[in-house]
Amino acid sequence: MAAAAAAAAAATRLLRLAPRRLPSPKTCPFSALPLRPPAPLAATSRWRRFCAAAQDSAPAPPKTPASAEAAGETVGEFRRRTRVADVKGGGDEGAAWVGRQLAVRGWVRTCRAQRTVTFVEVNDGSCLSNMQCVLTPDTEGYDQIDSITTGASVLVEGVIASSQGGKQKVELKVSKITMIGESDPTSFPIQKKRASREFLRTVAHLRPRTNTFGAMARVRNALAYATHKFFQDNGFVWVSSPIITASDCEGAGEQFYVTTLLSNSAEGGCLVNNIPSTKDGRVDWSQDFFCKPAFLTVSGQLNGETYASALSDIYTFGPTFRAENSNTSRHLAEFWMIEPELAFADLNDDMACASSYLQYVVKYILENCKEDMDFFNTWIEKGIIDRLNDVVEKNFVHLSYSDAVELLVGSKKKFEFPVKWGLDLQSEHERYITEVAFGGRPVIIRDYPKEIKAFYMRQNDDGKTVAAMDLLVPRVGELIGGSQREERLDYLEARLDELNLNKDSYWWYLDLRRFGSVPHAGFGLGFERLVQFVTGIDNIRDVIPFPRVPGSAEF
């Protein structure tokens with residue numbers, strides 16, 4: 001009994017010393033002990049005062065017995081905060097909110113002071129629209145008005161009212177304003193005037209506060225959500241493919257090394273003489289972390305195939321890397337890929353899946369990101385909404401690579417790059433096919449020469465082509481690339497030998513053909529190119545939060 005009492009006393013002391021965020025009573029190891037109710041709002045931290053939900057949005061939490069006083073505090077209930085999008089995002093643009101109390105937390109876009117009234121535009125990132133906040137000298141906190149400049153963060157509380165201006169249906173009549181974080185107006189780099197995207201890349205940590213990059217981030221988020229929803233609703237299983245790999249999926253050799261041999265312990269970094277080497281002067285990889293060369297992955301496909309060989313239909317969605325020294329508007333060193341794999345499927349199934357996926361996510365954006373898409377349609381690419389509607393409503397067409405070459409040659413158009421059977425199609429060729437030859441419809445080209453495609457693609461009966469396909473869209477060209485995978489062991493081994501690829505490095509991949517091989521297919525989609533296609537933004541560096549390109553890894 002004495003031991004039990006001592007244990008209980010020790011547990012009580014631990015609870016008193018523990019952080020305030022404790023596990024719930026269901027999972028807490030001391031769940032038998034009563035817990036103290038949360039402190040009143042006024043007694044909590046400054047941060048919680050600013051971030052707690054509006055008082056009128058949820059009932060007060062139930063009280064716990066007084067015996068909990070000695071045991072500690074419970075974690076407060078998480079409550080979704082009302083955002084500007086909740087007010088202004090409906091069809092009535094906020095009219096139904098007139099007369100209701102609201103607290104807005106966000107960043108000041110503009111502040112216009114007049115003789116008897118001051119207008120402060122506050123944006124909380126939930127939508128393109130700002131909340132126009134109307135302050136008078138009677139507003140509590142009005143003495144801080146000189147500090148309320150562009151870039152500052154504030155908490156404004158008041159009542160929603162019908163707006164007297166024509167730019168918005170409602171505005172916030174402010175009863176109290178609280179400064180959260182000041183912003184020096186002389187050094188804040190983003191002002192009301194327009195800034196070039198090249199300049200904004202130099203302040204990538206602040207560019208989400210602009211209309212363009214805020215809208216891009218919300219559309220990118222919606223595309224990611226729609227991607228998961230499409231595959232989940234169709235029975236696919238999401239698989240986390242590894243970022244570190246020992247194989248080169250594409251066979252191009254443009255990979256980043258992952259190594260611990262380059263120690264930073266010495267001043268100025270590792271000395272070349274300290275890198276372990278073999279007798280013939282080569283790097284001794286046996287002393288590295290993985291005991292062999294390792295790289296950042298360029299694709300999750302090969303790993304995805306292993307799970308498709310057990311779960312039937314899977315998809316990967318994660319970061320990939322390519323050490324290609326290319327400074328174009330279409331290339332990044334770090335980018336995200338969506339790569340589904342379908343078991344018991346051929347190239348026709350692959351094309352059908354790719355087409356359905358693209359139509360689904362584009363339709364989702366048009367229906368759920370209307371304000372942001374109207375912005376892109378007005379300021380980035382006029383007519384983009386009509387172009388995207390064509391993708392949703394028109395049937396995709398497909399033709400063979402041979403027919404595509406014949407079409408291009410017959411067009412008599414002068415291209416920068418030559419058109420000849422056996423050469424890969426360039427972006428100008430792809431865009432001509434989809435934009436001119438087929439009037440803006442997405443086009444799938446299939447059955448490419450095997451010499452210009454990867455080793456894992458299934459050979460066709462003609463011995464010259466493989467069951468590969470590229471989905472082309474206007475303005476971008478190739479958006480999706482896929483193929484039926486080679487499921488026949490002897491054909492795959494012969495192809496590896498033909499390309500001088502080490503079969504020992506792919507032993508596990510070949511095992512999939514030894515043990516229960518099935519016809520299967522899949523495709524890869526560069527997520528940033530999809531964001532480009534949907535938003536009309538022409539440079540890929542502007543559709544990812546922090547671009548990684550040759551010579552630049554800032555932020």
Side-chain angles (χ1 to χ4, degrees), residues 226-243 245 247-251 297-318 320 336-361 396 398 444 446-448 450 453-461 465-471 479-496 501 503 505-527 530:
T227 293
H228 284 291
K229 184 167 175 56
F230 172 83
F231 287 115
Q232 293 291 330
D233 288 351
N234 282 284
F236 286 68
V237 176
W238 177 58
V239 172
S240 302
S241 56
I243 290 176
T245 180
S247 60
D248 184 356
C249 177
E250 300 298 330
T297 185
V298 298
S299 170
Q301 177 204 313
L302 302 189
N303 301 98
E305 286 186 53
T306 67
Y307 273 76
S309 297
L311 305 180
S312 291
D313 296 333
I314 66 93
Y315 69 106
T316 71
F317 188 179
T320 53
W336 287 65
M337 288 289 291
I338 299 163
E339 297 176 287
E341 288 291 327
L342 298 80
F344 308 100
D346 60 14
L347 187 64
N348 292 322
D349 299 314
D350 200 33
M351 294 190 298
C353 180
S355 302
S356 296
Y357 164 78
L358 183 59
Q359 289 181 314
Y360 180 92
V361 296
F396 291 20
H398 70 87
I444 297 177
R446 58 178 294 168
D447 301 326
Y448 281 80
K450 70 176 185 178
K453 289 298 181 180
F455 71 91
Y456 51 76
M457 298 185 178
R458 193 184 200 277
Q459 294 186 47
N460 290 327
D461 294 339
T465 62
V466 290
M469 67 91 177
D470 286 343
L471 193 157
L479 183 64
I480 294 175
S483 71
Q484 183 174 341
R485 317 312 190 189
E486 183 58 81
E487 85 281 9
R488 299 166 294 184
L489 178 61
D490 54 342
Y491 278 78
L492 186 56
E493 288 183 321
R495 186 65 174 145
L496 288 170
L501 294 174
K503 286 188 289 188
S505 298
Y506 297 94
W507 65 271
W508 55 271
Y509 188 67
L510 294 170
D511 268 0
L512 301 179
R513 279 72 182 169
R514 294 188 179 102
F515 309 122
S517 183
V518 300
H520 59 290
F523 63 83
L525 166 68
F527 189 53
L530 176 63

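Computed from a prediction, not measured in an experiment: that's the story for all the values here.
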At what distance, to the nearest 0.5 angstrom, does [atom1] of [X] lie from [atom2] of [Y]?
X	Y	atom1	atom2	value
Thr227	Trp336	OG1	CH2	12.0 Å
Arg485	Glu341	CZ	CD	4.0 Å
Leu489	Tyr491	CG	OH	12.5 Å
Asp350	Arg446	CG	CZ	10.5 Å

Is a donor from one side chain sitting under 3.5 angstrom from an acceptor on the other, for Asp447 and Thr465?
no
Any chance the side chains of Glu305 and His520 put a donor and an acceptor closer than 3.5 Å?
yes
Quick one: sort the Phe231 and Tyr357 rings into parallel, tilted or perpendicular, breaks at 30° and 60°.
parallel
Hey, does [Y] have a side-chain heavy atom less than 4.5 Å from the side chain of [X]?
X	Y	answer
Phe230	Ser356	yes
Gln484	Asn460	no
Val466	Ser483	no
Met469	Ile480	yes
Gln459	Arg488	yes
Gln301	Tyr456	yes

Distance-only donor-acceptor pairs under 3.5 Å for side chains of residues 310-317, two or more places apart:
residue, atom, partner, partner atom, Å
Asp313, OD1, Ala343, N, 3.4
Tyr315, OH, His228, ND1, 2.7
Tyr315, OH, Gln232, NE2, 3.0

Please name the pair of heavy atoms, one in Ile444 and one in Ser355, separated by the smallest distance, quoted to 0.1 Å.
CD1-OG, 3.6 Å
With side-chain contact (heavy atoms from CB on, under 4.5 Å) as the test, pick out the partner of Tyr509 among Leu492, Asn303, Thr306.
Leu492
So, does Glu339 use its side chain to make a donor-acceptor pair with the main chain of Gly522 at under 3.5 Å?
no
Side-chain donor/acceptor of Arg513 to backbone N/O of Glu486, under 3.5 Å:
yes
Would you say Tyr307 has more than 12 foreign heavy atoms packed within less than 6.0 Å of its OH?
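Not more than 12 within 6.0 Å, no.
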Would Ser241 and Thr297 satisfy side-chain contact (heavy atoms from CB on, under 4.5 Å), going step by step from the backbone distance to the final call?
CA-CA 9 Å; Ser241 56; Thr297 185; 5.9 Å; no
Would Leu471 and Phe523 count as a side-chain contact (heavy atoms from CB on, under 4.5 Å) here? Give the steps.
CA-CA 10 Å; Leu471 193 157; Phe523 63 83; over 6 Å; no
Would you call Asp470 and Lys453 a salt bridge, using N to O less than 4.0 angstrom?
yes
